[in-house]
Amino acid sequence: MTPQQQIIQMLGLAARARKIITGEELVVTAVRNGSAKLVFLADDASKNSNKKIQDKCTYYKVPYAIFGDRYTLGQATGKEARVTVAITDAGFAKKLKSLIAQINEA
């Protein structure tokens with residue numbers, strides 16, 4: 001199984017465990033209050049959304065990754081199209097970061 005498929009599976013598990021937050025405003029709030037441990041951003045997000053999420057994550061020192069498109073993120077979490085997803089559990093975030101690192105190495 002590829003790291004991309006594993007990330008999609010982990011996002012699904014996190015969604016079923018209720019350890020994710022989706023939606024731009026809710027994710028920004030989670031980043032601000034420190035509950036977001038990792039943020040995923042769709043590569044087809046608008047420039048405005050992209051800049052807003054990346055700037056917030058950088059300022060509050062929350063790691064983020066650009067992964068898949070809005071439909072991939074939505075499908076992985078069992079929802080409609082989602083531009084951004086925040087992981088609120090440290091364990092899920094750690095595993096997902098290691099999978100992202102594998103993709104970046106390849």
Taking atom CG of L41 and atom CD of E24, what is their separation to the nearest 0.5 Å? 9.0 Å
Would you name the heavy atoms of A65 and I100 that are closest together and state the gap between them? CB-CD1, 3.5 Å
Do you know the tightest heavy-atom contact between D55 and K51? OD2-NZ, 2.6 Å
As an exercise, state the distance from CD1 of I53 to OG1 of T84, rounded to the nearest 0.5 Å. 4.5 Å
Side-chain donor/acceptor of T88 to backbone N/O of K19, under 3.5 Å: yes
Just how far is it from atom OG of S98 to atom CD1 of I103, taken to the nearest 0.5 Å? 10.0 Å
Path from L38 to Y60 over hydrophobic side-chain contacts below 4.5 Å: no
For a quick test of reading the model, state the closest non-hydrogen atom pair linking L73 to R82 and the distance between them. CB-O, 3.5 Å
Flag, side chain of D43 to backbone of I66, donor-acceptor distance under 3.5 Å: no
Do the side chains of V83 and Y64 join up, straight or via other hydrophobic residues, at under 4.5 Å, putting them in one cluster? yes
Between K52 and V28 the two heavy atoms that sit nearest each other are CE-CG2, 4.1 Å
Output for pair (I7 CD1, M1 CE), nearest 0.5 Å, gives 12.0 Å
Between V31 and K56, which heavy-atom pair has the shortest distance, and what is it? CG1-O, 3.7 Å
Distance-only side-chain donor-acceptor flag, N48 / S46, under 3.5 Å: no
Same cluster or not: are F92 and V62 linked, directly or through other Ile, Leu, Val, Met, Phe, Trp or Tyr residues, by side-chain heavy atoms under 4.5 angstrom apart? no
Can you name the one residue among T77, L11, V27, I20 that meets side chain to side chain contact (heavy atoms under 4.5 Å, CB included) with F40? L11
Give the cluster check for V39 versus I21: same hydrophobic cluster or not, with ILVMFWY residues linked at side-chain heavy-atom distances below 4.5 Å. yes
Of all heavy-atom pairs linking A42 and D69, the shortest is CB-C, 3.7 Å
Can you tell me how far apart CD (Q6) and NZ (K95) are? Round to the nearest 0.5 Å. 5.5 Å
